[in-house]
Amino acid sequence: MVKRRKKKGHVAIPFLIAFLLSMILIGGVAVYLFDLIGGDNETIIKNAGNVKKPGTDSNMTLLFVLDEDEAPEPLTFLIARVCPADKRIMFVSMPTNMLSVVGGRQATLADFYNNGGAQQLKEAIAYESEIVVDRYIILDSEAFQKISNIFAGVNYVVPAGTRGFTESNAPQYLGPSQMEKLITYPLFENGETQRSAMVADIITEMVNQTDYERIAASMDSNFKTLINMVETDISAIDYKNHKDALKYMYTYGSEIAVFRIAMGGSQDENDDVFILSGNFYNTVKEFFEETVTPRPTEAASETKPTEE
């Protein structure tokens with residue numbers, strides 16, 4: 001069995017900056033929000049004439065894993081489908097108790113991850129959901145809270161009856177530790193199914209509430225802190241191939257995040273495993289087609305440069 005432990009790895013600096021500081025996961029993520037890496041807004045506007053609309057080859061599917069080492073809190077698996085040309089990111093969280101098959105063996109996603117790591121988890125997700133993951137990023141508690149702090153938390157309506165939180169029907173501010181506590185809360189009335197749906201929802205809210213200018217201003221210093229906090233298979237070539245697409249999405253995008261729910265359930269009330277609905281892929285396939293229908297609110301504001 002693969003022991004859950006703190007994971008560290010070295011990757012190309014420019015690309016990881018983009019992924020960690022622009023697309024946060026769960027916290028945090030979320031990769032493509034952060035254009036940047038082109039610098040401040042003045043530079044972006046000055047060079048706006050060179051911003052080209054990217055093609056569909058810039059789309060990418062990322063898997064974020066919140067792995068809190070030996071802590072009793074559950075794992076968290078969040079998929080982010082990034083479509084720069086359409087200025088959209090779709091989040092969907094997969095229940096850790098979801099059944100799948102890898103190499104003829106049936107088990108839950110948590111089992112596949114604990115025994116075979118991120119690569120086997122990717123295979124399990126692809127088999128059951130038809131979503132093929134391109135790259136993964138693994139965060140521990142320390143990295144998650146650091147990134148959540150960079151993005152300044154989120155205003156969110158906490159589900160009623162959640163222990164340790166104020167009972168309120170109104171949004172309440174959640175800092176890094178509170179976000180992590182809510183995301184890994186194991187006692188929701190509807191169990192892991194409810195938790196996974198809430199994870200995708202809260203991350204969507206976090207991304208859409210983010211002040212990108214503030215994050216860009218502190219990018220370098222934050223990166224130096226985060227570089228050894230994660231494990232990922234993102235490479236420098238990945239960044240080179242997606243840099244212009246990130247700049248386009250950052251320049252012209254607005255409230256770009258949406259989420260979908262992993263539909264399904266147990267065979268009976270005594271089951272502790274989740275079976276994904278056979279219709280699930282139909283709820284997300286628009287994000288995997290060559291053209292995604294833009295939302296009416298996606299139009300660039302009058303203050304933004306004209307896209308080419």
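Positions are given from 1 along the sequence. Everything numeric in this text was worked out from a predicted model, so none of it was measured.
The stretch residues 157-178 participates, sequence neighbours left out, in no side chain to side chain donor-acceptor pair (under 3.5 Å) pair at all.
For the pair E123 and L121, the minimum side-chain heavy-atom distance is 4.5 Å or more. Side-chain contact between V158 and L182: present, with at least one pair of heavy atoms (C-beta onward) separated by less than 4.5 Å. M206 places a side-chain heavy atom less than 4.5 Å from the side chain of S148.
Checked by atom type and distance alone, the side chain of S266 pairs as donor or acceptor with a backbone atom of V273 at under 3.5 Å. Put simply, the side chain of D67 never gets that close to the backbone of D140: no donor and acceptor are under 3.5 Å apart. Within the 3.5 Å criterion, the main-chain N or O of N155 finds no donor-acceptor partner in the side chain of E205. Remark: side-chain polar atoms of S100 are not paired, donor with acceptor, to backbone N or O of Y127 under 3.5 angstrom. Judged purely by atom type and a 3.5 angstrom limit, N97 uses its side chain to pair as donor or acceptor with the backbone of D272. Under the 3.5 Å distance criterion, the side-chain polar atoms of D111 are left unmatched by any main-chain donor or acceptor of A107. Between the side chain of E192 and the backbone N or O of T96, at least one donor-acceptor pair lies under 3.5 Å.
Between K53 and A85 the shortest heavy-atom distance is CE-O, 3.5 Å. A170 and V157 get closest at one heavy-atom pair: C-CG2, 3.9 Å. The nearest pair of heavy atoms linking P54 to S58 is CB-OG, 3.6 Å. For the residue pair A80 and I89, the shortest heavy atom distance occurs at CB-CG2, 4.3 Å. Closest heavy-atom contact between K181 and G164: NZ-CA, 3.5 Å. Closest non-hydrogen pair, L109 versus P95, comes out as CD1-O, 3.5 Å.
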N/O donor-acceptor pairs under 3.5 Å from side chains in residues 274-281, not counting sequence neighbours:
residue : atom : partner : partner atom : Å
S277    : OG   : N279    : N            : 3.1
N279    : OD1  : N282    : ND2          : 2.5

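Transitive grouping of hydrophobic side chains (ILVMFWY, heavy atoms separated by less than 4.5 Å) keeps V199 and M263 in distinct clusters. V65 is not connected to V102 by any chain of hydrophobic side-chain contacts under 4.5 Å among Ile, Leu, Val, Met, Phe, Trp and Tyr, and they are in different clusters. No single ILVMFWY cluster, assembled from side-chain heavy atoms under 4.5 Å apart, contains both F112 and V92. By the rule that hydrophobic residues join a cluster once side-chain heavy atoms approach within less than 4.5 Å of another member, M90 and M94 end up as members of one cluster. Under the 4.5 Å side-chain heavy-atom criterion for grouping Ile, Leu, Val, Met, Phe, Trp and Tyr, L99 is not connected to L63 through any hydrophobic cluster.
Of the inter-residue distances, the one linking D201 atom CG with M198 atom CE reads 8.5 Å to the nearest 0.5 angstrom. Distance check: S93 OG to L78 CG gives 5.5 Å after rounding to the nearest 0.5 Å. Here the CE-CD1 distance, from M98 to I125, works out to 6.5 Å after rounding to the nearest 0.5 Å. Here the straight-line distance linking atom OH of Y156 with atom CE of M179 works out to 9.5 Å at 0.5 Å rounding. Between atom CE of residue M229 and atom CD of residue E142 there is a gap of 4.0 Å, rounded to the nearest 0.5 Å. The CD atom of E289 sits 10.5 Å away from the CG atom of D86 when rounded to the nearest 0.5 Å.
Judged by the 6.0 Å distance and 45° axis criteria, K122 is not positioned over the aromatic ring of Y113.
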(request) I would like to know whether I138 and V230 meet side-chain contact (heavy atoms from CB on, under 4.5 Å); could you show each step before the answer? (result) CA-CA 6 Å; I138 300 176; V230 302; over 6 Å; no
(request) I would like to know whether R135 and I137 meet side-chain contact (heavy atoms from CB on, under 4.5 Å); could you show each step before the answer? (result) CA-CA 7 Å; R135 298 287 186 269; I137 300 172; over 6 Å; no
(request) Please assess R81 against E286 for the test salt bridge (Lys or Arg N to Asp or Glu O under 4.0 Å), listing each intermediate value before the final yes or no. (result) CA-CA 11 Å; R81 175 62 175 176; E286 65 176 294; over 6 Å; no
(request) Tell me, with the steps shown, if F259 and I203 meet side-chain contact (heavy atoms from CB on, under 4.5 Å). (result) CA-CA 9 Å; F259 75 96; I203 297 308; over 6 Å; no
(request) Could you give me the CA-CA distance, side-chain angles and deciding distance for I79 and T61, then say whether side-chain contact (heavy atoms from CB on, under 4.5 Å) is met? (result) CA-CA 7 Å; I79 293 172; T61 304; 3.8 Å; yes
(message) Could you go through R195 and T184, starting from their C-alpha distance and side-chain angles, then the distance that decides it, and tell me whether this counts as side chain to side chain donor-acceptor pair (under 3.5 Å)?
(response) CA-CA 8 Å; R195 184 181 80 94; T184 59; over 6 Å; no
(request) Walk me through it: do Q119 and Y136 pass the test side chain to side chain donor-acceptor pair (under 3.5 Å)? (result) CA-CA 9 Å; Q119 184 56 46; Y136 69 84; over 6 Å; no
